[in-house]
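Right, one structure below, let's go through it.
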Amino acid sequence: MFWTEDEFIKNMRNALGWVKYSRQLNQEQMSAVLHTNGPLWVLAGPGSGKTELLIWKLFKLIFVDGVDPQTIFLTTFTEKAAKNMFNRIITYYNNLLKHGFDCIKNVDISSLKIGTLHSLCNSILVEYRYDNYHTKRLMDENESSYFFYKYVTMTKSGSQGPSDYFWEYFFEKRPYSKWQRVNYSKILLSRITEDLIDVEKLQNSDDIFMQELAEYYIQYKQSLNHRDRCDFPTVQQLFLKFLNEEEGEKFIQGDMERDLPPIKYVLVDEYQDTNPIQEEIYFRMTELISPSDCNITVVGDDDQAMYRFRGATVDSLIFFGERVKERFGKIPTKIQLKRNYRSHPAIIDWFNSYIANMPEMQIKGARAPGKERMISAKHFQENWNPIAIIEGSSLTDTAEKVAEFIQSIINFRDEKNEKIIDDPSQIVILSQSTRETSRNVGSFVESLRRRGVPVYNPRNRKIHETTEVKQLLGAYIEIIDKNNSELSENDHVLRISTRVKDFIQSCRREYQNLITSQGGIDKLLNYVSQSQLKIESAPPNKKFDATFHRIFLRLLNCPPFSEYLSDPVISPRYGIISAQIEAFNTVYSNYLVKSSTINSLKRNLLRDFYTVFCGQILNSGLNDVEDIDYPILPGRVQIVTYHQSKGLEFPIVILLGLTKQYRVGISYKLERMLSEYRKNPLQLESDELRAAQDMIRLYYVGQTRAKYCLIFADKELNKWKYSLGFDEKGEKRFSLNWLENNNIPVYR
DNA sequence: GGATGAGTTGTTTTT
DNA sequence: CAACTCATCC
């Protein structure tokens, strides 16, 4: 105990008065901070100061209740959010120190357990060496794909492996390629773990496909175990198992011998995006700590749930009250943060009406019980209309109009010759996908670039399309495949899809362009021709003195590639390619080593590189790396997905993709098909309804990002069913007719 | 406004 | 190959 409640509040206010993010807490926030014992359920609407509340709560626990920081377990949804929060905590703490509160200087604030649930589970399992976890390799998404491709039997062979009917049953179509089987397998099998499916129930099902699924799951798990690998869902599964055993109890209860105090508090941010296994982990921890204290705090907004595809269910937040009552016999204290410190009052008025009046959201269980509208809490001096609609005749036309609009506000000067905005990066385009294709933001990027407006789109997943990457891969291809064998039509060893073939060809072209147009690259030419010779004249059964990785590193040593390494844009791209190769190598490590015949050389060297490595790159796409400390690049209009925008705010927001019909994607179907096999089965609304609700929540997230200006842009206004609320006939589905009543201008 | 044909694309989001 | 966009024609 360092301070009393009153001292704590006074000291925090004094110390943080000038810190960028901090301001006085409002009454609801304060009551959540001062809440001491028992479950706490915070519904935090957009821009309501949720992170601020969490940080104050941590500080209150530490400085008023005297809780040891290392006994607090706080999870966030992304690594980025965890880092941000941690940095803010350190800043606040240093400010308290600067204000001369010496009594807290021995508190080790950095020992707080803050991170994503995955990262915390991972580090604790490593620390406790549970089930030899520290010897296992935790695979990322790409590695996991390679793992399936190489080690998992995905087609019927003998008694093992799923049949075509199996895939048809779960995915309604037969996979047309091995990569599709990889993708399907990942979706299906991670679902079993994350939805907390009872594998025994599956085995005992009357449905033969459910039995087959159980078998397939077991096969996969064995193969993971056998090869000492672990995937993302399995980390959580192991952690839950750990909690239910003696070692886990030690972790929770503390270990005197090792000077580890017991865990005391569980706090969860973004609780609406929690899936069943995560919910069980939080509940189990709470139970082990003390079921009678039931010290669990969850914070989130059901209206902003957007990760059902990952197995998350809003239900965990919406029914938190009932679930806690069922399990612990306690009724959580419910607090709604309804003061919005972000948006212009008219924007708040709009999104309040939007979320409350959409017919799909009025169904029971769609939103948290008793939820109230948000109230504007930030003072806005100017009285202007911050909402507008841009309607084009086609997508390209819309893009032109949006670009025109953006250009005009960038250049705009008022009577006093002052700009409206300081920097183009204050304008943000939100879209379902940041891929620069004609269906997505392609035409928008093009229209902007044509007008000389710089654009920042680091997640467009196309660095494999850049010249420098193609040149490098082209050089590699030149080495391993001098004779263009990818072109031979009737080669049964090399069966390469047209997509990959096109990619290989364009890599070759880029390499050819490079060597014909640039001088000073003798070293590269020498290395390539020497290596070609070496491969050609390789004696049978002799090991090559080269692996994919080594050839790649040698190429990087030759100009111009070696010179590219000092380029701030290209160098990180080579880093990404290098990481890809490493992931590939963890599974395909010895394929270059033993080649006895030309055919096996082709099989090992070419096919694996073409269909597996290139296939996977084309399959998943590669993003540029973003600087976590500088997520915004000044001077450029930002392009961001609705998902990425979560937790952020922007002065001017332009929403795209408004005519999109929801898709009852495979995750909705699987959620339903498997729901009866869950450990805790649940009642689900129809697939259609859940998909529609999720679509509405996605748009809600987009709308609530805007501070001063919110623009809706797309073609065919009367088809904006879920984004603005029209029906099939173009009539407004809102009883309110909000848009008309507020004279929202439409620019055509 | 709808028929036609040319052209483009390969869902999407994160640990 | 299927699904979609979009310009163009009447």
Indicate, with a heavy-atom threshold strictly under 4.0 Å, whether F77(A) touches base, sugar-phosphate, or nothing.
-> sugar-phosphate
Basic-acidic side-chain contact under 4.0 Å: R697(A), D303(A) = no
When you check the gap from the basic side-chain N to the acidic O, do R308(A) and E671(A) get nearer than 4.0 Å?
-> yes
Short N-O contact, K50(A) and D269(A), less than 4.0 angstrom = yes
Quickly work out the E436(A) CD to dG10(B) C1' distance and round it to whole Å.
-> 17 Å
Is any side-chain N of the basic residue among R284(A) and E279(A) closer than 4.0 Å to the acidic one's carboxylate O?
-> no
Rounded distance in Å - NE2 (H643(A)) to P (dT14(B)) = 7 Å
Taking NZ, NE, NH1 and NH2 as the nitrogens, is one of them in D694(A) or R690(A) under 4.0 Å from a carboxylate oxygen of the other?
-> no
Which of dT14(B), dT15(B), dT12(B) is nearest the side chain of H118(A)? It is dT15(B)
dT12(B) and dT5(C): how far apart are their P atoms, nearest whole angstrom?
-> 15 Å
Nearest-angstrom distance from the residue atom CD of E194(A) to C1' of dT13(B) | 14 Å
Separation of dT11(B) atom P from M306(A) atom CE, nearest Å, is 21 Å
Run the salt-bridge test on E649(A) and R705(A) with the 4.0 Å N-O cut-off and return the result as yes or no.
-> no
Say you pick atom C1' in dT11(B) and the same atom in dC4(C); how far apart are they, in whole Å?
-> 13 Å
Are the ring of F309(A) and the six-membered base ring of dT12(B) within the stacking cut-offs of under 5.5 Å and under 30°?
-> no
Rounded to the nearest Å, what distance is computed from the OH atom of residue Y699(A) to the C1' atom of nucleotide dT13(B)?
-> 14 Å
Hey, does the side chain of R310(A) come within less than 4.0 Å of dT13(B)'s phosphate (OP1/OP2), counting only N and O?
-> no
Encode nucleotides 3-10 of chain C as B, S and - characters from 5' to 3', where the letter depends on protein heavy atoms closer than 4.0 Å: B to the base, S only to sugar-phosphate, - to neither.
-> -S-SS---
Would you mind classifying the nucleic acid contact of E141(A) as base, sugar-phosphate or nothing, using non-hydrogen atoms under 4.0 angstrom?
-> base
Separation of atom NZ in K646(A) from atom P in dT13(B), rounded to whole Å = 15 Å
Nearest-Å distance, CG (L430(A)) to P (dT12(B))?
-> 17 Å
Measure the distance from OH on Y184(A) to C1' on dT11(B) and round it to the nearest whole Å.
-> 12 Å
Once you round to the nearest 0.5 Å, how far does CD of E194(A) lie from CG of L189(A)?
-> 11.5 Å
